[in-house]
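In what follows, a structure is listed as structure tokens, so that the remarks can point back to it.
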Amino acid sequence: MKVDLKDRIAVVTGAAGAIGRSTALMLAENGATVAVNDLHDPEATCAAIRERGGKARGYTADVSDVSAVNSMISAIESDLGPIDIMVNNAGINVGKNRVPIHEFPDADWHKIIRVDLDGVFFCSRAVSARMIGRRKGTIINITSVFGIVPARLQCAYTAAKAGVANFTRSHALEVGQYGIRVNGVAPGSILTEGTKSMFYSPENKQRDSMLSHIPLGAPGETEDIAAAVLYLASDDAKYVTGHILVVDGGWTAGYHRDW
Ligand SMILES: NC(=O)c1ccc[n+]([C@@H]2O[C@H](COP(=O)([O-])OP(=O)(O)OC[C@H]3O[C@@H](n4cnc5c(N)ncnc54)[C@H](O)[C@@H]3O)[C@@H](O)[C@H]2O)c1
């Protein structure tokens, strides 16, 4: 897909990571100047964008820290210009340690909610105020299939991602009158450095059970999510708002296994 994002300023949070990096690269390849945010060094993603002839600038900031977010958004607008596209992608989970609700530690709950839900709110609020003034802009929030359907043993993540999905729709209702669109993308299982070992090791028991949930029979790639973001950011999606675009190989389409 090729769209014209020339002269657009895009922000991607968590863009040192798998999906964020692909998204930042794809937005830049389609003409946007990208503000690359991450808690950790965003420079590798900026360098990859520049190597391909794109424009990028890095911003190290914690999306769960409201003053850091407000300073970052101000800095981006003064360095690059008005933000047209905000992609709230930064997110964390508990990793491999799945924990039942009755044992779930307060610290993990608060950490995940702070990054995955508060972070989306802080960034959305900061750009929304500016976009309303300009009557222009679009926001795309990365939620998850676990914001659509429940899952065991990762209560904070499922709560945060479901929160992001309904926050997205609520925000769309508020700002549609100003010509601002707010949408979400819900990835299923996406192949990343972290999940490769699981999907590519036949001896890994989790592999077959993961794949059995995916009608297309394979994990997605980071570019599948980036392409969904690119579409929602483009003028081709000018009548799309309040929508969560599920990109999951059919995972949430229904119960598909034979019995
Ligand atoms: N990979 C998947 O299969 C999958 C599936 C569904 C949803 N998602 C969602 O997609 C998004 C990206 O996931 P990913 O797989 O690329 O993960 P990732 O771990 O590769 O990347 C996440 C990035 O966010 C950054 N980050 C973490 N906390 C931050 C903070 N407080 N402030 C700024 N940056 C921060 C990390 O440093 C990292 O670079 C997340 O929101 C995740 O929940 C991923």
Side-chain angles (χ1 to χ4, degrees), residues 11-26 35-46 48 58-73 76 86-96 108 110-124 126 140-149 151 154 156-165 167-168 184-199 206-207 210-211 213-214 218-229 244-249 251-252:
V11 184
V12 183
T13 67
I19 291 172
R21 178 186 156 96
S22 275
T23 301
L25 279 164
M26 203 176 279
V36 175
N37 157 266
D38 207 279
L39 184 58
H40 307 297
D41 191 6
E43 287 312 317
T45 300
C46 292
Y59 296 86
T60 304
D62 179 348
V63 297
S64 70
D65 174 342
V66 67
S67 62
V69 166
N70 291 338
S71 305
M72 174 180 75
I73 297 299
I76 292 169
M86 177 80 219
V87 184
N88 288 311
N89 163 79
I92 56 170
N93 200 351
V94 282
K96 286 189 181 128
D108 286 352
H110 290 303
K111 192 170 175 211
I112 291 165
I113 297 291
R114 271 207 311 272
V115 177
D116 293 6
L117 186 55
D118 294 2
V120 173
F121 165 57
F122 294 153
C123 292
S124 297
I140 297 140
N141 299 322
I142 307 301
T143 170
S144 167
V145 286
F146 293 146
I148 314 286
V149 295
Q154 35 186 331
Y157 186 75
T158 56
K161 290 298 185 179
V164 169
F167 174 78
T168 301
V185 176
S189 265
I190 303 301
L191 205 53
T192 64
E193 284 308 315
T195 57
K196 250 183 204 162
S197 60
M198 180 180 72
F199 283 118
Q206 225 187 336
R207 176 182 183 268
M210 287 291 290
L211 291 179
H213 286 81
I214 307 173
E221 294 174 354
T222 56
E223 289 77 11
D224 295 323
I225 307 307
V229 172
I244 307 295
L245 180 48
V246 177
V247 183
D248 68 349
W251 182 333
T252 54

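Whatever order the structure lists them in is the order used to number ligands and atoms, beginning at 1. Hydrogens, waters and symmetry mates play no part in the numbers below; they use all other heavy atoms, side chains included.
Taking 4.5 Å as the limit, every side-chain heavy atom of N89 sits out of range of all side-chain heavy atoms of T23. You'll find the side chain of S22 stays beyond 4.5 Å of the side chain of I225, heavy atoms only.
Under the side-chain hydrogen bond (donor to acceptor under 3.5 Å, both in side chains) criterion, T195 pairs with T192, not counting sequence neighbours. Contacts of T168 classified as side-chain hydrogen bond (donor to acceptor under 3.5 Å, both in side chains), with partners at least two apart in sequence or in another chain: N141. Partners of Y59 according to the ring-ring contact (aromatic ring centres under 6.0 Å, His included) rule, which considers only residues two or more places apart in sequence or in another chain, do not exist here.
Protein residues having a heavy atom under 4.0 Å from any atom of ligand 1 are G14, A16, G17, A18, I19, N37, D38, L39, H40, A61, D62, V63, N89, A90, G91, I92, V115, I142, T143, S144, Y157, K161, P187, G188, S189, I190, T192, listed by chain and number.
Just one of T158, V247, T252 meets the side-chain contact (heavy atoms from CB on, under 4.5 Å) condition when paired with V145; it is T252.
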